[in-house]
Amino acid sequence: MADLLGVAVLGAGHMGADHVRRLDRVVSGARVAAVADPDTARAAAAVAGIEGASVHAEAAAALAAPGVQAVLIASPGPAHEEALLAAFARGLPVLCEKPMVPDSAGALRVARAEARLGRRLAQIGFMRRYDAGYLRLKSLLDSGELGRALMLHCVHRNVSSPPHFTSAMLINSSVAHEIDAARWLLGQELTAVTVLRPASSAGAPAGLVDPQFVLFETERGALVDVEVFVNCGFGYQVRCEAVGETGSARIGEEHGMVVTARGGAREEVPQDYLVRFADAYDREVQAWVDATRRGRVTGPSAWDGYAASVVAEAGVRSLTDGGRVPIDLAARPDLYAPAGR
Ligand SMILES: NC(=O)C1=CN([C@@H]2O[C@H](COP(=O)(O)OP(=O)(O)OC[C@H]3O[C@@H](n4cnc5c(N)ncnc54)[C@H](O)[C@@H]3O)[C@@H](O)[C@H]2O)C=CC1
Ligand SMILES: O=C1[C@@H](O)[C@H](O)[C@@H](O)[C@H](O)[C@H]1O
């Protein structure tokens, strides 16, 4: 066990428990050293049967636990800033679930704190960058075969949203993924956003603006549209079509198992992200563990996390106030690469 990377996992809910399982049973080179959750019964359930993993109510206690060399943050977004700064103070590498920090002022504090250290410690959990389809699309766009990218058409549907989900969260929790994917795929910053409200679905909880239609503009004139619909009831569907001057490419229509029975055929559709992006989460966490063990930090940066928060905040403003909202990023510290690199 001594040469395995000892990881503290903060938050043992849906994502945290899944990451604990992944660190314990799927990825190589790591072990779960500690788990923190104010609901200690949940933390204890997540590590049941895992040798040497301690359970804590407080994140700070998990970071200080014996054997902890790195941190995976899977607590709710509002808890991330404190956890990231505490990890930085201890010099611990971090994989932080999205949103890095939901409000852009807090996100900027985190990026600037890391920049002051002069080295990256954080990888942000935008796992689509590790999905086989998104990786193929990125390399096709970079190859130039589609010509100059003009548009991305995106669909993001969830079967249902959790009880605490708000209209703003369709943008800062769900479309957060398209925001990062668009910056990465196109290698461009998003410069303005307009959110439109189609008629809300009868399947959505009362008062939730669902679905929404989001239109982003980019610095070199491309447009990115996103249909986000988090109570569609029929499946977890994430698609993206890139349209360039000389071609187009579409991902997210991979076929599930086709079942033929009782004289008919049906195709299985994933019901949630843990199934649809299972391989992407595995690759993301394996890449993080591998890089960390080599003393490196790769993948989406704290700057990508900050940019996503600024864009999402502008989107929420457009949703609430109406109209087109320009997006302004602070000056990028030298530590960080431009969008898409
Ligand atoms: N990459 C992806 O596709 C997904 C990412 N997420 C992200 O993962 C994070 C967690 O989401 P879920 O697991 O769905 O939430 P959840 O509500 O299922 O679990 C969160 C857990 O964190 C615990 N917690 C609360 N405050 C804490 C603190 N200060 N320190 C440690 N634990 C604390 C809660 O008691 C709860 O057990 C969020 O940032 C969310 O946006 C969630 C779903 C998918
Ligand atoms: O990150 C995620 C959730 O937090 C979000 O609420 C869902 O809409 C996304 O599909 C999922 O990937």
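Counting convention: from 1, in listed order, for ligands and their atoms alike.
In this structure, the protein non-hydrogen atom closest to atom 10 (C) of ligand 1 is A74 O, 3.2 Å. The closest protein non-hydrogen atom to atom 7 (C) of ligand 2 is N158 OD1, 3.1 Å. P76 CD, 3.4 Å is the protein heavy atom nearest to atom 22 (O) of ligand 1. Annotation: atom 36 (C) of ligand 1 to nearest protein heavy atom, R42 NH1, 3.1 Å. The nearest heavy-atom contact from the protein to atom 33 (C) of ligand 1 is P38 CD, 3.3 Å. In terms of protein heavy atoms, atom 5 (C) of ligand 1 is closest to E97 OE1, 3.2 Å. At the top of the distance list for atom 6 (N) of ligand 1, counting protein heavy atoms only, stands M15 CG, 3.5 Å.
Remark: ligand 1 atoms within the under-4.0 Å shell around heavy atoms of P99 are 39 (O), 41 (O).
Here K98 has heavy atoms under 4.0 Å from ligand 1 in both its backbone and its side chain. At a 4.0 Å heavy-atom cut-off, ligand 1 does not touch E82 at all. In S75, the parts holding a heavy atom less than 4.0 Å from any atom of ligand 1 are both the side chain and the backbone.
Side-chain contact, S104 with E313: a donor N or O sits under 3.5 Å from an acceptor N or O. Q286 and Y130 share no side-chain donor-acceptor pair at under 3.5 Å. Side-chain polar atoms of Q237 and H156 form no donor-acceptor pair below 3.5 angstrom.
V155 meets the side-chain contact (heavy atoms from CB on, under 4.5 Å) test with R157, E227, R239; sequence neighbours excluded.
By the 4.0 Å heavy-atom criterion, H156 is counted among the residues contacting ligand 2.
Comparing F277, Y273, Y281 by heavy-atom distance to atom 2 (C) of ligand 1, the nearest is Y281. Of all the listed residues (V9, L10, D37, T40), D37 holds the heavy atom that lies closest to atom 35 (O) of ligand 1. Ranked by closest heavy atom to atom 10 (O) of ligand 2, the top entry among Y236, F126, F229 is Y236.
Taking the six-membered ring for Trp and thresholds of 30 and 60 degrees, F277 and Y134 have ring planes inclined between 30 and 60 degrees apart.
Under the 4.0 angstrom criterion, atom 26 (N) of ligand 1 counts as having a protein heavy-atom contact.
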